[in-house]
Number of protein chains: 2
Amino acid sequence: MAEQAEVLRRTPLSRGRILHAAVALADEAGIESLSMRNLAQELGVVPMALYKHVANKDELLDGMIDVVVDEIDPPVRHADWKHVLRERILSARQMLRRHPWAPLAIESRNMATPAVLAYLDSMVGTLRAGGFSADLTHHVMHAMGSRILGFSQELFDVSRRAGRSGTTQPEPSEGLPPEAAARFPHLAEIATAALHDDASVVGQGCDDQFEFEFALDLLLDGIERLQQQGWTSSRRPR
Amino acid sequence: MAEQAEVLRRTPLSRGRILHAAVALADEAGIESLSMRNLAQELGVVPMALYKHVANKDELLDGMIDVVVDEIDPPVRHADWKHVLRERILSARQMLRRHPWAPLAIESRNMATPAVLAYLDSMVGTLRAGGFSADLTHHVMHAMGSRILGFSQELFDVSRRAGRSGTTQPEPSEGLPPEAAARFPHLAEIATAALHDDASVVGQGCDDQFEFEFALDLLLDGIERLQQQGWTSSRRPR
DNA sequence: ACCTGAACACCGTTCAAGT
DNA sequence: ACCTGAACACCGTTCAAGT
């Protein structure tokens with residue numbers, strides 16, 4: 001432990017080493033534990049030393065975002081647009097499972113980082129190559145929104161809560177506490193009613209992956225239908 | 001100004017007065033300007049006085065969330081589920097336009113507040129009354145996710161950036177700067193290509209409301225189709 | 001010229017002293 | 001018993017002093 005810190009102290013600081021240490025710290029201790037002082041201590045360095053490599057904390061966060069976005073797999077080759085988008089978004093979701101702090105960090109920054117722009121540019125290219133008009137592609141990208149980066153967009157992210165306290169096991173039962181169930185009967189009903197006919201998942205609450213793919217396919221199928229109908233913004237069906 | 005502050009100081013503190021002052025402060029100065037000390041000063045009160053009415057800052061945020069969620073209109077009567085959901089979500093979106101800090105605040109808290117639970121319960125009730133199975137309703141609520149509260153889920157929220165600095169007019173052109181356009185040609189193409197055939201919007205970039213309704217209708221139409229097909233989680237079409 | 005300790009202006013919250 | 005000033009343990013960042 002002390003020897004390892006000594007080795008780290010000998011290695012010269014660099015922007016890359018700072019960014020990866022920051023990502024590791026956020027992964028392990030949560031984004032709320034990531035402070036410049038805390039990160040410096042982790043690196044065996046005085047806080048002000050970081051400012052030679054990153055201008056400030058916002059730029060540190062931007063750099064961390066680029067690091068994790070670059071972990072997303074490249075597009076699969078020789079496949080139709082729908083398959084390419086689906087696989088890449090599922091890869092993004094895998095990345096977010098390793099870095100549960102990333103969605104909040106990305107949303108709290110209001111400028112696009114280079115890696116995010118490159119990723120979005122590639123996704124747009126996939127749609128255009130798949131025969132989508134520029135017009136429809138524009139609206140589709142807006143409609144996909146942050147889901148294109150694998151965000152689940154759930155209101156209450158169970159996985160985020162588990163990630164906080166480290167090795168906590170996922171909540172075994174999604175059921176509401178009795179007093180809440182009485183006040184919110186509809187919620188209580190659907191909390192327990194889902195997947196009751198699928199033996200492999202019954203009793204252990206929600207299957208995150210299932211819910212994510214359900215929503216993703218709902219979007220992708222709707223998008224495919226619009227394209228097949230020759231949708232344009234000047235001539236909307238219905 | 002000074003007289004107004006004097007009047008406020010005379011009015012006794014209460015949880016409601018604190019919450020509404022906090023909401024007003026976040027609306028005007030941004031959520032990053034909302035501190036316990038700052039809020040106390042706004043109320044003409046010593047910081048510690050707040051702690052008689054809210055346990056800590058997290059509870060203050062929870063209370064603020066309840067205040068704004070309660071501003072969402074009640075469900076319209078005598079309409080089908082799709083219309084009820086659509087109108088209510090558009091009302092939620094109007095609320096968020098008044099309180100641009102709310103999405104980040106809601107996402108950063110990982111517990112549901114009473115007002116959010118009541119809202120979700122009501123939405124579930126609408127779907128159940130519209131003939132949805134408990135099973136399908138469960139998955140639909142997950143798929144709607146935060147969009148059910150009016151979140152646009154855009155990766156880069158133009159309105160949030162405008163809301164920060166107060167009276168800034170919305171960005172007139174959505175076009176990328178030249179050096180970015182060269183690196184990200186697909187993004188550059190769709191940034192300018194959208195809505196070129198709709199004279200009322202051309203040249204002024206994205207129409208937020210159009211993009212929101214486009215995505216919302218994509219979801220609602222897909223959901224309607226699943227219900228009409230008699231979707232269940234054990235027997236998935238395709 | 002480079003590095004870094006102390007300092008500044010904050011923050012949420014505790015606690016004990018004053019009424 | 002209630003209220004509140006001072007204090008504590010932080011934070012990001014500036015700046016000047018030391019090498």
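Keep in mind it's a predicted model, so treat the numbers as computed, not measured. Every chain is numbered from 1 and lettered A, B, ... according to where its sequence line falls, protein lines coming before strand lines.
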*To the nearest Å, how far apart are A:Leu43 CG and C:dT4 C1'?*
16 Å
*asked:* Under a 3.5 Å cut-off for both contacts, is D:dC2 paired Watson-Crick or G-U wobble with anything, and if yes, with which nucleotide?
replied: C:dG18
*Counting N and O atoms only, with roles assigned by atom type, does the side chain of A:Gln153 sit under 3.5 Å from a partner on the main chain of B:Arg147, one being a donor and the other an acceptor?*
no
*Using Watson-Crick or G-U wobble geometry with both distances below 3.5 Å, tell me the partner of C:dG12, or none.*
D:dC8
*Take atom CG of A:Asn56 and atom P of D:dT13, then tell me their distance rounded to the nearest Å.*
5 Å
*What is the distance, rounded to the nearest whole Å, between atom CG of B:Asp58 and atom P of C:dG12?*
11 Å
*State whether A:Asp27 and A:Arg98 are salt-bridged, where the test is any N-O pair (Lys NZ or Arg NE/NH1/NH2 against Asp/Glu carboxylate O) under 4.0 Å.*
no
*Within this structure, what is the CG-to-P distance between B:Leu50 and D:dC3, rounded to whole angstrom?*
13 Å
*Give the nucleotide from the list D:dT4, C:dT4, C:dG12 with an atom nearest to the side chain of A:Val46.*
C:dT4
_Distance in angstrom units between B:Gln41 CD and D:dG5 P, rounded_ = 14 Å
*For atom CE of A:Met36 and atom C1' of C:dC10, their distance in whole Å*: 16 Å
*asked:* Regarding B:Thr126 and B:Arg88, do their side chains bring together a donor and an acceptor under 3.5 Å, going by distance alone?
replied: no
*asked:* Please report the distance, rounded to the nearest Å, between CG in B:Leu60 and P in C:dG12.
replied: 10 Å
*Would you mind reading off the distance between B:Tyr51 atom OH and D:dG5 atom C1', rounded to a whole angstrom?*
15 Å
*Looking just at side-chain N and O atoms, do A:Asp66 and A:Thr113 make a donor-acceptor pair shorter than 3.5 Å?*
yes
*Look at all strands and tell whether B:Met48 reaches a base, only sugar-phosphate, or nothing, counting heavy atoms closer than 4.0 Å.*
base
